[in-house]
**Student:** 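This is the structure I want to talk about, given as structure tokens.
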2 protein chains.
Amino acid sequence: MEYEQLKLGNQVCFPIYAASRLITRAYQPLLDQLGLTYPQYLVLLVLWETDEVSVNDISENLILNTNTVTPLLKRMETQGLINRNRSNSDERRVIISLTKKGNDLKEQAATIPQQLLEKLDVSELDLHEIIDLRDKLNRLIDAIRN
Amino acid sequence: MEYEQLKLGNQVCFPIYAASRLITRAYQPLLDQLGLTYPQYLVLLVLWETDEVSVNDISENLILNTNTVTPLLKRMETQGLINRNRSNSDERRVIISLTKKGNDLKEQAATIPQQLLEKLDVSELDLHEIIDLRDKLNRLIDAIRN
DNA sequence: GTCGATTATATCGCACACGATTTAAATATA
DNA sequence: TATATTTAAATCGTGTGCGATATAATCGAC
């Protein structure tokens, strides 16, 4: 029996899964120069926008579980990128803040998005399609999260 | 200094990464009923289309490295879903074939795509947007792979 | 025909990613 | 105010995912 809905080429999930890994691979050589992995880079993006947030804030922003974020943050602490401190007002919370090293990386990271687009050879014309793609995905994400 | 290009909301990569994980999470309860993980399900999709392919064929179809696929296939062999046999014509190649159990799962899996759409509450109208999304992503994937 | 290059797969080490569970602190409610 | 509930992080176990490297078979150039 042949099922059209089971063909790899008809899946929506698979292109998202594959694109995600391909883009992460494309980022890696650029991030290597800063000594970062892609999830670590995402954590820094959050902190560069708002310093001193809780573990929970980070896991919600990145849509990751705390059992993924906790060890990720511990590795970043070991690397001297962030500090982890218990909140005084609520002893359950751990507040993440940037070290000087973590903050200084921002300048170097600023060129990464442009470098990535060049690497992927995205022209001005394609950029509209990319942005449309981003917005469609964000609507999909909102829909899934309810 | 504030950099617009470093804001999480302006990233293209992040929605793809987040959507990928959210969709995998949505699949998991459905796949649990078949005792499969999402990558294992993808391997079966390939084999249900074409039985008896090499490790390399699978890794190219799924855009995964062989060092990811080899242990994945070993676990599937342990579960009795597939067989792994050296090719006679080329002793370097390992040919993957479905067992009866692996083949029989196809019937049960046939309802999964529809169940997922219902779970994500995708209406007929949204379906066009989803398909457009799929096609855009596939063009992006082709562009990245050159 | 032989030896260096290429190809197919496997091994190793490390970093996610997540479901299930645990621990401790804060909050709600009787 | 004592206790049940909720909330915030952490811990545990398993399964990817990938860069670097190894191994063995095949191919290619001479």
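By convention in this document, chain letters (A, B, ...) are assigned in the order of the sequence lines, proteins followed by strands, and residues within each chain are numbered from 1. Predicted model only: the values in this text are computed from it and were never measured.
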**Student:** What's the CD-C1' distance between A/E60 and C/dA17, to the nearest Å?
**Tutor:** 17 Å
**Student:** When you match B/L64 and B/D90 each to their closest nucleotide on DNA chain D, which lands nearer the 5' end?
**Tutor:** B/L64
**Student:** Rounded to whole angstrom units, what separation is found between the CG atom of B/L31 and the C1' atom of D/dT16?
**Tutor:**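 Distance, rounded to whole Å: 14 Å.
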**Student:** For B/Q40, which contact category applies under a 4.0 Å heavy-atom criterion: base, sugar-phosphate, or nothing?
**Tutor:** sugar-phosphate
**Student:** Hey, what's the ring geometry for A/Y27 with A/Y41, parallel, tilted or perpendicular (30° and 60° as the breaks)?
**Tutor:**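 The arrangement is tilted - the two ring planes meet at 30° to 60°.
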**Student:** Whole angstrom is fine here: how far is it from CZ in B/R92 over to P in D/dA24?
**Tutor:** 14 Å
**Student:** Please determine, for the side chain of B/N67, which listed nucleotide (D/dA9, C/dA8, C/dC12) has the closest atom?
**Tutor:** C/dC12
**Student:** Which residue lies toward the 5' end of DNA chain C, A/Y38 or A/E91, if each is placed at its nearest nucleotide?
**Tutor:** A/Y38
**Student:** Tell me what B/S54 touches on the nucleic acid: a base, only sugar-phosphate, or nothing, going by heavy atoms under 4.0 Å.
**Tutor:**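 Sugar-phosphate contact only.
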**Student:** Please classify the nucleic acid contact of B/R75 as base, sugar-phosphate, or nothing, using heavy-atom distances under 4.0 Å.
**Tutor:** base
**Student:** Would you please classify the geometry between the A/Y17 ring and the B/Y38 ring as parallel, tilted or perpendicular, with 30° and 60° separating the classes?
**Tutor:** perpendicular
**Student:** Once you round it to whole Å, what is the distance between P of D/dC18 and CG of A/D32?
**Tutor:**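 For the pair A/D32 CG and D/dC18 P, the rounded distance is 14 Å.
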**Student:** Does a salt bridge link B/R86 with B/E91, judged by any charged N lying under 4.0 Å from a carboxylate O?
**Tutor:** no
**Student:** Less than 4.0 Å between a side-chain N and a carboxylate O, is that true for A/R139 and A/D135?
**Tutor:** no
**Student:** A/L72 CG to D/dA9 P: how many Å, rounded?
**Tutor:** 14 Å
**Student:** Hey, is the side chain of B/K74 poking within less than 4.0 Å of OP1 or OP2 on C/dT11, counting only N and O atoms?
**Tutor:** yes
**Student:** Figure out the CZ/P separation between B/R25 and D/dG15, and round it to whole Å.
**Tutor:** 19 Å
**Student:** Base, sugar-phosphate, or nothing for B/T37, non-hydrogen atoms under 4.0 angstrom?
**Tutor:**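 If one applies the 4.0 Å heavy-atom cut-off, B/T37 turns out to touch the sugar-phosphate alone, with no base involved.
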**Student:** Ignoring backbone atoms, establish whether A/T70 has a side-chain N or O less than 4.0 Å from OP1 or OP2 of D/dA10.
**Tutor:** yes
**Student:** Counting only side-chain nitrogens and oxygens, does A/Y17 get under 4.0 Å of the OP1 or OP2 atom of D/dT16?
**Tutor:** no
**Student:** If you assign each of A/L22 and B/S89 to its closest nucleotide in DNA chain D, which residue comes earlier from the 5' end?
**Tutor:**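 First, find each residue's nearest nucleotide; the 5'-ward one identifies A/L22.
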**Student:** Please state how far atom CD in A/Q28 lies from atom C1' in C/dC16, giving the value in whole angstrom units.
**Tutor:**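 A/Q28 atom CD is separated from C/dC16 atom C1' by 12 Å.
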**Student:** Does a side-chain N or O from B/R21 land closer than 4.0 Å to OP1 or OP2 of C/dC18, or not?
**Tutor:**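 For B/R21, the contact criterion (side-chain N or O under 4.0 Å from OP1 or OP2 of C/dC18) is met.
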**Student:** Hey, is the side chain of A/N65 poking within less than 4.0 Å of OP1 or OP2 on C/dA17, counting only N and O atoms?
**Tutor:** no
**Student:** Closest heavy-atom contact between B/Q115 and B/L30?
**Tutor:**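 The answer is OE1-CD2, 3.3 Å.
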**Student:** Can B/E4 and B/K7 be counted as an ion pair, charged N to O under 4.0 angstrom?
**Tutor:** yes
**Student:** Between P on D/dA25 and CG on B/N88, what's the gap in Å once rounded to a whole number?
**Tutor:** 14 Å
